[in-house]
Amino acid sequence: MAAFDAAMAHQKEQARAAGKFRMAAALDYQGPATTFHGYEATEFSGKVLALYRDGTLVDELKEGELGVVVLDETPFYAESGGQVGDRGILQGGQGIFAVEDTQKIQATVFGHQGVVRTGLISVGDNVSARVDGLARARIVRNHSATHLMHKALREVLGSHVQQKGSLVDAEKTRFDFAHHAPMSADEIRRVETIVNHEILANAAAEARIMPIEEAQRSGAMMLFGEKYGDEVRVLTIGSSKELCGGVHVRRSGDIGLFKIVAETGVAAGVRRVEAVTGDTALALVQQQQAMLTDAAAAFKVPLAEVPVKLAQVLDNVRSLERDLARLKAKLASAQGDELLAQAVEVKGSRVVAAVMDGADVNALRSTIDKLRDKLQSAAVVLASTNDGKVTLIAGVTADLTSRVKAGELVNMVARQLGGKGGGRADMAQAGGNEPANLPVALASVRPWVEQRL
């Protein structure tokens with residue numbers, strides 16, 4: 001289920017991305033560009049230049065209608081460079097439009113996607129455009145932390161680390177990069193330490209527009225494969241200097257706290273790190289602290305002694321498991337001796353069909369091996385039940401496998417129990433979920449074997 005949920009989330013993400021692309025690509029816009037004020041402000045006044053409903057130009061959008069609004073000026077950031085688009089409110093004299101996402105219709109034209117919450121929005125309306133301040137603050141913290149993390153990854157892992165993709169939203173930063181092996185726990189801690197030291201330094205962030213040649217000479221990080229214009233925006237924060245058009249914190253200290261939450265592989269030679277910042281990171285640390293406190297209370301030891309106590313408990317569990325395995329082996333051996341007495345002669349061979357209470361698969365197999373060795377010419381079916389499920393193992397000695405095959409035998413029994421199974425001619429396994437039928441099913445073993453002998 002965990003793998004299914006992860007795959008479903010990935011599919012939904014791809015579908016949303018494809019939907020945004022189709023929406024933006026389908027809109028035919030002929031008009032002035034959008035002037036972006038989001039670097040300095042989260043609220044600004046703008047004029048409605050165009051409206052779209054179902055991809056078609058309209059003069060107005062009414063309450064409850066989905067659509068896209070194009071403004072001449074906006075503080076809303078349109079998704080680009082891995083940073084998601086802003087959401088918020090457009091409020092005019094006639095109504096309120098809830099912006100759920102912001103995408104680029106053209107390179108310099110922003111489309112505010114959403115729904116008319118009250119009243120209506122018309123072309124020519126003057127509106128107050130207000131970005132969701134809490135979401136924006138979380139996004140910029142994550143974005144700025146991504147720059148610091150990229151620099152730290154290169155410092156810890158090597159200069160071969162190159163960005164291969166990113167997604168920065170209000171919940172987290174997700175960063176894909178070139179690297180040949182999983183990061184160790186120590187490497188993750190070192191990256192976290194470097195980034196948090198940069199945060200504590202509280203250096204001012206600086207963005208400058210400069211010719212690309214000057215940016216190259218300055219040592220700014222450029223992404224391989226990206227296309228850049230003659231002029232680029234260079235973002236410097238702490239020891240990081242990268243080309244970036246995104247929105248960022250004013251000072252590194254605004255990030256608050258940085259914590260890596262996951263490190264995985266996504267493709268050959270590509271690793272993925274997910275991290276959180278600010279209040280999200282604080283909530284995570286508090287949650288982990290609460291879990292550790294609960295563990296300490298359960299073990300009745302101070303917090304610092306939880307690892308030692310946990311190791312002791314695991315050692316005890318392993319010791320008990322070994323003792324249990326030995327006891328099960330002894331029980332199986334004793335039951336095996338009892339089962340010898342239950343063997344029925346059929347045409348010169350022996351047949352055993354019985355239940356072994358409390359036996360696991362290993363015990364069933366071990367017992368069958370012992371029975372075959374002692375009986376020399378035999379067909380054996382053993383069963384055990386647990387939580388309404390039946391486990392079956394069938395074993396046949398080598399002299400009988402040309403006529404009596406273990407896979408066919410165990411499948412015959414399993415079908416009577418609402419299951420199925422199979423395997424080799426000498427050993428096979430099956431299961432079922434109707435234990436009430438087990439006595440009748442085991443009783444059918446002898447005539448089935450007799451018919452084939």
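Remember, predicted model here, so these are calculated numbers, not experimental data.
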J.: For the residue pair Gln429 and Thr391, what are the closest heavy atoms and their distance?
T.: NE2-CG2, 4.4 Å

J.: Would you kindly say whether Asn437 and Glu434 are connected by a side-chain donor-acceptor distance under 3.5 Å?
T.: yes

J.: Looking at Gly119, is its backbone amide N or carbonyl O close enough to the side chain of Glu63 to form a donor-acceptor pair, meaning the two atoms are under 3.5 Å apart?
T.: yes

J.: Hey, are Arg53 and Glu65 close enough for a salt bridge, meaning a charged N less than 4.0 Å from a carboxylate O?
T.: yes

J.: What's the shortest heavy-atom distance between Val84 and Leu167, and which atoms?
T.: CG1-CD1, 3.7 Å

J.: To check you understand the geometry: which heavy-atom pair defines the closest contact between Val249 and Val140, and what is its length?
T.: CG1-O, 3.9 Å

J.: With side chain to side chain contact (heavy atoms under 4.5 Å, CB included) as the criterion, how do Thr173 and Arg141 come out once you've worked through the C-alpha distance, each side chain's angles and the decisive distance to 0.1 Å?
T.: CA-CA 9 Å; Thr173 173; Arg141 284 196 291 263; over 6 Å; no

J.: Could you measure the distance from the CD atom of Glu214 to the CZ atom of Arg208? Nearest 0.5 Å is fine.
T.: 5.5 Å

J.: Is the shortest distance from a Lys or Arg side-chain nitrogen in Arg318 or Asp315 to a carboxylate oxygen in the other one below 4.0 Å?
T.: yes

J.: Does Val247 offer a backbone N or O that forms a donor-acceptor pair with the side chain of Gln83 under 3.5 Å?
T.: yes

J.: Provide the closest heavy-atom pair for Leu303 versus Leu292 in the form atom of the first, atom of the second, distance.
T.: CD2-O, 3.5 Å

J.: Under 4.0 Å between a side-chain nitrogen and a carboxylate oxygen: does that hold for Arg424 and Asp426?
T.: yes

J.: Does the Lys NZ or Arg CZ of Arg233 fall within the cation-pi geometry relative to Tyr39 - under 6.0 Å from the ring centre and within 45° of the axis?
T.: yes

J.: Should the pair Phe36 and Tyr77 be assigned to parallel (<30°), tilted (30 to 60°) or perpendicular (>60°) ring geometry?
T.: perpendicular

J.: Strictly distance-based, threshold 3.5 Å: is any side-chain N or O of Arg154 a donor or acceptor partner for the main-chain N or O of Ser159?
T.: yes

J.: Is the count of non-hydrogen atoms from other residues, nucleotides or ligands lying under 6.0 Å from Asp323 atom CG greater than 12?
T.: yes

J.: Is there a donor-acceptor pair closer than 3.5 Å between any side-chain N or O of Gln106 and the backbone N or O of Tyr29?
T.: yes

J.: Closer than 3.5 angstrom, by distance alone: can the side chain of Thr34 be matched with the main-chain N or O of Leu71 as a donor-acceptor pair?
T.: yes

J.: Quick one: does any side-chain atom of Thr280 pair with a main-chain N or O of Val276 as donor and acceptor, under 3.5 Å?
T.: no

J.: Could you check whether any side-chain N or O of Ser252 sits under 3.5 Å from a backbone N or O of Asn202, counting only pairs where one atom can act as donor and the other as acceptor?
T.: yes

J.: Could you tell me if His150 and Ser240 have a donor-acceptor pair between their side chains, going purely by distance under 3.5 Å?
T.: no

J.: Is the shortest distance from a Lys or Arg side-chain nitrogen in Asp176 or Arg271 to a carboxylate oxygen in the other one below 4.0 Å?
T.: no

J.: Distance check, rounded to the nearest 0.5 Å: Leu257 atom CG versus Ile199 atom CD1?
T.: 6.5 Å

J.: After noting the C-alpha distance and the side-chain angles of Ile393 and Val410, does the key distance pass the side chain to side chain contact (heavy atoms under 4.5 Å, CB included) rule?
T.: CA-CA 7 Å; Ile393 304 286; Val410 81; over 6 Å; no

J.: Hey, are Glu171 and Arg138 close enough for a salt bridge, meaning a charged N less than 4.0 Å from a carboxylate O?
T.: no

J.: How close do Pro75 and Arg136 get, heavy atom to heavy atom, and via which atoms?
T.: O-NH2, 2.8 Å

J.: Tell me, with the steps shown, if Ser45 and Ser128 meet side chain to side chain donor-acceptor pair (under 3.5 Å).
T.: CA-CA 5 Å; Ser45 296; Ser128 173; 5.4 Å; no

J.: Are Lys259 and Glu274 close enough for a salt bridge, meaning some N to O gap below 4.0 Å?
T.: no

J.: Could you check whether any side-chain N or O of Ser384 sits under 3.5 Å from a backbone N or O of Ala359, counting only pairs where one atom can act as donor and the other as acceptor?
T.: yes

J.: Between Met412 and Lys420, is there a side-chain heavy-atom distance shorter than 4.5 Å?
T.: no

J.: Hydrogens and angles aside, do Gln103 and Glu79 bring a side-chain donor and acceptor to less than 3.5 Å of each other?
T.: yes

J.: Does Asn196 form a side chain to side chain donor-acceptor pair (under 3.5 Å) with Glu198? I'd like the steps, not just the answer.
T.: CA-CA 5 Å; Asn196 281 300; Glu198 295 265 26; over 6 Å; no

J.: Check the angle between the aromatic planes of Phe44 and His37 and answer parallel, tilted or perpendicular using the 30° and 60° thresholds.
T.: parallel

J.: Looking only at side-chain N and O atoms, does Thr102 offer a donor or acceptor that is under 3.5 Å from a partner on His112?
T.: no

J.: Under the side chain to side chain contact (heavy atoms under 4.5 Å, CB included) test against Val390, which residue among Leu417, Val413, Val355, Asn433 passes?
T.: Leu417

J.: Within the side chain of Asp125, is there an N or O that forms a donor-acceptor pair under 3.5 Å with the backbone of Val127?
T.: no

J.: For the pair Arg117 (side chain) and Phe97 (backbone), establish whether a donor and an acceptor sit closer than 3.5 Å, ignoring hydrogens and angles.
T.: no

J.: Answer yes or no: is there an ion pair linking Arg87 with Asp132, defined by an N-O contact shorter than 4.0 Å?
T.: yes

J.: Just wondering, more than 12 heavy atoms not from Asp294 lying within 6.0 Å of its CG?
T.: yes

J.: Quick check: closest heavy atoms across Ala152 and Val195, and the distance to 0.1 Å?
T.: CB-CG2, 4.0 Å

